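One structure is given below, encoded as structure tokens.
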Number of protein chains: 4
Amino acid sequence: MKRNKPKYKQIVDAAVTVIAENGYHQSQVSKIAKQAGVADGTIYLYFENKEDILISVFQEKMGLFIEKMEEAIQTKATASEKLFVLIENHFNILSHDRHLAIVTQLELRQSNKELRKRINEVLKDYLRLIDHIICHGQEKKEFASHLNVRLVRQMIFGTMDETVTTWVMNEQKYDLVSLAPQVHELLLQGCKQQ
Amino acid sequence: MKRNKPKYKQIVDAAVTVIAENGYHQSQVSKIAKQAGVADGTIYLYFENKEDILISVFQEKMGLFIEKMEEAIQTKATASEKLFVLIENHFNILSHDRHLAIVTQLELRQSNKELRKRINEVLKDYLRLIDHIICHGQEKKEFASHLNVRLVRQMIFGTMDETVTTWVMNEQKYDLVSLAPQVHELLLQGCKQQ
Amino acid sequence: MKRNKPKYKQIVDAAVTVIAENGYHQSQVSKIAKQAGVADGTIYLYFENKEDILISVFQEKMGLFIEKMEEAIQTKATASEKLFVLIENHFNILSHDRHLAIVTQLELRQSNKELRKRINEVLKDYLRLIDHIICHGQEKKEFASHLNVRLVRQMIFGTMDETVTTWVMNEQKYDLVSLAPQVHELLLQGCKQQ
Amino acid sequence: MKRNKPKYKQIVDAAVTVIAENGYHQSQVSKIAKQAGVADGTIYLYFENKEDILISVFQEKMGLFIEKMEEAIQTKATASEKLFVLIENHFNILSHDRHLAIVTQLELRQSNKELRKRINEVLKDYLRLIDHIICHGQEKKEFASHLNVRLVRQMIFGTMDETVTTWVMNEQKYDLVSLAPQVHELLLQGCKQQ
DNA sequence: AATGAATGAGCTTTCATTCAT
DNA sequence: CATGAATGAAAGCTCATTCAT
């Protein structure tokens, strides 16, 4: 399996660095190859084409992201706590990997429709995770059960995403993680049983 | 003033159509010119360069968007009602101009950092409008006054934005406007005085 | 006759100014029109095309140049004196019209083959004038009569031209006219009866 | 080193041919690439941009020119003989490479100010060579020592240059090299100790 | 006679991808 | 497996010229 070979990971990591530092449109394959310390042609032994590198970046990083998130959420019992962990981890991970934050919030969105569709495929796993929290909350009567799950999820994800994007656009000048409690309070108000 | 000449509007409208149908990266200047029924060179009598077309598209459309929105909001007295009108109009306008919806939710985000900064300048007017509603609500004691205005705004905008994007990504298969009441309820819960 | 209309002269003068200030390749028709205070289209009522403007510039300026030169030369009796007047006037005229100097020594030489051929047509009158001085000198036994007239003329013109070009390339930092006596001495040595 | 790779030379030679046959302004990069038998993009592996091709043409050819010239001059003892060898070789080299003659006398002069400055840098080595002959002549009392070296050099270079240009403009109809003795006589008269 | 908005052909350069070594 | 030289398609922009007013 190519995904486990060292050069595969080298290239993915190089891609994150290059894209974060140069922006999507200035991230030529040759630049990624140079950063990864391999020849241009070598890239094509591990990836179909340039788009495939980008999708792989997202899959790899998002895979880890979701994995960590699932573990963290399982440690909590109530939906409210799970939601808090979700928000805090979401902010925390992106706060501690600024390259990744730039790439996910800004650069990857510059890709074309086709690529974005495939990125959304990966994202679905994350959205499903949020859905689980919401359903759990509704079952346990913590959250109002008449609420449309998709809308609640869009509120949760949209709010977190917008918050991170604003933070990135402001050049990460303030502390993102410390916003978690307030965001949690806001979102919880929106969901909870009145 | 170039902005009032008929060809200017022709080109802006052509750009929206072409970008929505072909995607940002497949929207060559020549394609936009053809759609507008003018020569390629004519584009450059009205716009600095290709990027300028995109910014102008956003400025023109967003200008109308905000204008309509301000009028609609003024007709309502309470912050809750204002919020409802905001959501409903946001969904309504994009629902009725599907090309515009595609362009704002997907294609314009593919632009580079510089362009996105300029787009954000325009967007700021809209965000400010949301801020006004929130402050008004806090003054009138409808909304909890301890809430951070920026975070609330990010929740409101993020939720609406994510909802529209999901709808566009789902190829606009369901009715967006009918989601307004539920989104309003969700967001209101988040803001209001408990 | 178009050549006597005021706009014709306006445009020719504008062309000299624009070319000297912006260089040949940055002298668009529209720029010349603006400088002349006429509309772009008006240019084409007086000139066939852009090339025609350039040729006319050269014809007009060279015509005056030759006229002045002929007058000045006629005032002198010996070939040696005539040669001195030629050199001094050549340097003097270009010294006092730096725009013209730039245009003739640098910018007009950037034109294409066809245009340069037509410029050479105009130049021929000047070269003929030099030939007359040489023949006169040979007839009067001032100059060695075995010398090939064309070669002598090439020496005279080539030396003057190279001297002016060097001066222009050096940004006209020194006094060109004061070089006339030495250049005269040099050239005279080359021609004269030993 | 790129300069020693075969494709580099291929492209430089192709450029000389294409420019001589089509003129500077009709020498598109694609035409040069085709003549060189390489892809358009390959040009940019060896040259910065189109201008760089032209400068390289001049550097390569002028380098050889000066090299040959230096060798030839060293074989002669007196300044008069050195001057003769200079003239004869100058005419000889350009006589035997008519494409090069067209390019140096006509086409390269069509370049813009910046390019011409860089061409002049290369030319300086040649002018310095002429200066050496003059100084040598003055030291050995062959040439009049009161003469300004720069002016003498301008006479020598200007005369040769004008002679070659006239020959090229006359479509190389007569034998250039056979003019060398007369040109030498003329120039020598100008320089020598009276 | 004069205008100036409109035209559209034309060209340099980039960069993802290939393939001989 | 790995290389990197070579490829060539693709597109934004300029500007001389026209022509309806």
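The basis for the numbers below is simple: all heavy atoms, side chains too, and nothing from hydrogens, waters or symmetry mates. Just so it is clear, the model here is predicted, and its values are computed rather than measured. Throughout, a chain's letter reflects where its sequence line sits, starting with A, and its residues are numbered from 1.
Remark: P of E/dA5 and OH of B/Tyr8 are 17 Å apart, rounded to the nearest angstrom. Taking atom NZ of residue B/Lys31 and atom C1' of nucleotide F/dA11, one finds them 11 Å apart after rounding to whole Å. Between the NZ atom of C/Lys34 and the C1' atom of E/dT3 there is a distance of 16 Å, given to the nearest Å. Atoms OH (C/Tyr24) and P (F/dA16) sit 9 Å apart, rounded to a whole Å. Atom CG of C/Asp52 is separated from atom C1' of F/dA16 by 14 Å (rounded to the nearest Å). Summarising the geometry, the separation between NE2 on D/His25 and P on E/dA9 is reported as 22 Å, rounded to the nearest angstrom. Nucleotide E/dA16 holds its C1' atom 14 Å from the CD atom of A/Glu48, rounded to whole Å. Straight-line distance from the CD1 atom of D/Ile43 to the P atom of F/dA6: 12 Å, rounded to whole Å.
Out of F/dA16, F/dT3, F/dG12, the shortest distance to the side chain of A/Thr42 is found at F/dT3. You'll find that the side chain of A/Leu45 is closest to F/dT3, out of E/dT12, F/dT3, F/dA6. Listed nucleotides F/dA2, F/dA11, F/dT7 differ in distance to A/Lys7; the shortest reach to its side chain belongs to F/dA2. In the set E/dA2, F/dC15, F/dG12, the nucleotide with an atom closest to the side chain of B/Gln28 is F/dG12. Distances from the side chain of C/Val29 to the nucleotides F/dA16, F/dA5, E/dA1 place F/dA16 closest. Distance from the side chain of B/Lys50 is smallest to F/dG12 among E/dC15, F/dG12, E/dT17.
For the OP1/OP2 pair of F/dA5 and a distance below 4.0 Å, the side-chain nitrogens and oxygens of D/Tyr46 include no atom meeting the criterion. A close approach under 4.0 Å does not occur between any side-chain nitrogen or oxygen of C/Tyr44 and OP1 or OP2 of E/dA2.
Annotation: cation-pi pair D/Lys50/D/Tyr24 present, NZ/CZ under 6.0 Å from the ring centroid and within 45° of its normal.
In this structure, D/Ser27 and B/Asp40 both approach DNA chain E, and ranking their closest nucleotides by distance from the 5' end singles out B/Asp40. Comparing D/Asn49 and C/Ala39 by the nucleotide of DNA chain E that holds the closest heavy atom to each, the one mapping nearer the 5' end is C/Ala39. Place D/Val38 and B/Ser30 on DNA chain F by their nearest nucleotides, and D/Val38 ends up nearer the 5' end.
Counting non-hydrogen atoms of other residues, nucleotides and ligands closer than 6.0 Å to CZ of C/Arg118 gives a total of 12 or fewer. Dense packing is recorded around CZ of D/Arg109, with more than 12 heavy atoms of other residues, nucleotides or ligands lying under 6.0 Å away.
Residue-level contact check: C/Phe47 touches neither bases nor backbone, having no heavy atom under 4.0 Å from any strand.
Within the shown strands, E/dT3 is the pairing partner of F/dA20 under the Watson-Crick or G-U definition, both distances less than 3.5 Å.
For C/Lys7 (side chain) and C/Val38 (main-chain N/O), no donor-acceptor pair under 3.5 Å exists by modelled atom type.
Contact detail for D/Ala14 and D/Ile32: the closest heavy-atom pair is CB-O, 3.7 Å.
Taking the six-membered ring where tryptophan is involved, the planes of C/Tyr126 and C/Phe65 are perpendicular, since the angle between them exceeds 60° and thus also 30°.
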